[in-house]
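Worksheet: one structure, shown below.
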Amino acid sequence: MAASIARSCRTVSRVKSHIIFAKSSYLNALFHCSSSTRSGLLLSLHNRGLLKESFPEHASQAELPDLLRSGPQTVYCGFDPTADSLHAGNLLAIIGLMHFRSAGHEVIAVLGGATAQIGDPSGRSNERERLSPATVEQNARGIMESLHRVFTHHELHFSPDPSRLGRLTVLNNRSWYKDWQVLEFFSEVGRCFRMGSMLSRHSVQSRLKSAEGMSFSEFSYQLFQAFDFYRLHQIHGCRIQIGGTDQLGNIMSGHELIHRKTGEEVFGLTVPLVTTSMGDKLGKTAGNAVWLNPDKTSPFEFYQYFLRLPDNSVEAYLKLFTFLPLAEVEKVMEQQRRDPGKRTAHKRLAAEVTKLVHGKEGLESAKRCTNALYHSSIQALEQMSDTELQQLFREAPFHELFLDPGSTVLDACRRAQAIPEGPRGYQMIQDGGVWINHQRAANPEQVLVLGQHILSNGLSLIRVGKRNFYILKWLSM
Ligand SMILES: N[C@@H](Cc1ccc(O)cc1)C(=O)O
């Protein structure tokens, strides 16, 4: 069976692009040793859409499957702390690492405490602002937290047998650059690089053509990432680096350095840069990033982001961002096609990714907030903890007020600035356009009633029209 699939893929490969060629090789790898999880890994990553390119192209198709079959390998991916949290766009590389870990390979996440100070020009049309060492250090703590949280949730919720997971190590590349003298570095490492190949990198070429050009620091970035790979290769036996597609040039520089210094072959794999069918970069809503740390993007907002993805992105996302077997993805998609209104696939996607990033509690909290705000659940509203309320408050304007005796529905709406001033606002309530705690409040003069307009946790949720929410928290004197 596998042989015939492989044969038919090879036939197609002669006429189509290299990705199909890659497919035939991965299928070959599977065919040679279909019983081992390790060797099936590349095929599985490929089938999920997680592999974009492999480097060096030919060697990675022939030798990499052999290498993976030969025993546990060490794989690394780096993250520069240019912000104080990772974001949804970083998730694919992390998920790539997780797949390797689940197949028993050792995984290293490198925090770029040193490289963040240089600033990677890859995929950027202008130079990053310089970050002070103190900012980078603070950011590194936030990124550490992101990594720690997602890897822990992966272990807890997505690893049937955690004892079989490969080891995870997190390193900061500052630890090996802090002792280098600049002259030593350039005379020892710099001389291993050729200007021709450094200049040929896409990140360099595109910037040289731009009006802004490129600073020497940015140009030198590839030296540092290359040296990281070399060092990890020397000390940890690391032979595979994963990164986004924009990282291919830096990975190639590492390959060149290691090859020149040791004569050994190493490999690079890139994960795709995901955009929604609307063309938005994944993890951006209206230009804002969807962060992995809950103090920046709450579990509720995170869940909502995945819930609202366009319909025609959801199948690809289920394959990329969840660990559901592909047969299960197919089942979910079938349910979705039968009854699109139920949004089964979106709900499953949002639940799986939220559980990975925010754990079971984060997912429950996201669902509670969703029920309270969008599914008219008074019970959910009443059960909300203070932090959950704060999450809701980020979605809706929030006012804390002292309750004057005799306050009316109109007073509450005015103080929440939910209705226009004057008779128009009064009329809006009378016309039935205002709900308090999910019940229509059509009498502006009605005095607020505890247990109805004001919940036991001191909360009033005002809704005007379909989606305009305002939250009042009544303080007792
Ligand atoms: N350059 C990578 C981060 C990185 C840093 C150090 C490395 O060794 C590898 C990767 C990025 O910007 O995404």
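Read the numbers this way: they start at 1 and go in the same order the structure lists the ligands and their atoms.
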- prompt: So, E145 and R141, do they make that salt bridge, N to O below 4.0 Å?
  reply: no
Which atom pairs, donor and acceptor, lie under 3.5 Å between side-chain atoms of residues 183-192 and protein residues at least two apart or in another chain?
residue: S187; atom: OG; partner: L183; partner atom: O; Å: 3.3
residue: S187; atom: OG; partner: E184; partner atom: O; Å: 3.3
residue: R191; atom: NE; partner: S187; partner atom: O; Å: 2.6

query: So which pairs with a foot in residues 203-221 pass salt bridge (charged side-chain N to carboxylate O under 4.0 Å, His left out), sequence neighbours left out?
result: R207-E218
field: Any donor-acceptor pair under 3.5 Å from N90 side chain to H87 backbone
entry: yes
Qualifying residues under side-chain contact (heavy atoms from CB on, under 4.5 Å), relative to A114, sequence neighbours excluded: N173, R174, Y177
For ligand 1, what N or O to protein N or O distances fall under 3.5 Å?
residue: ligand 1; atom: 1 (N); partner: D120; partner atom: OD2; Å: 2.7
residue: ligand 1; atom: 1 (N); partner: Y221; partner atom: OH; Å: 2.8
residue: ligand 1; atom: 1 (N); partner: Q225; partner atom: OE1; Å: 2.8
residue: ligand 1; atom: 1 (N); partner: Q247; partner atom: OE1; Å: 3.0
residue: ligand 1; atom: 8 (O); partner: Y76; partner atom: OH; Å: 2.8
residue: ligand 1; atom: 8 (O); partner: D228; partner atom: OD2; Å: 2.5
residue: ligand 1; atom: 12 (O); partner: D120; partner atom: OD2; Å: 3.2
residue: ligand 1; atom: 13 (O); partner: Q247; partner atom: NE2; Å: 3.4

field: Exercise: do Q336 and E315 side chains pair donor with acceptor under 3.5 Å
entry: no
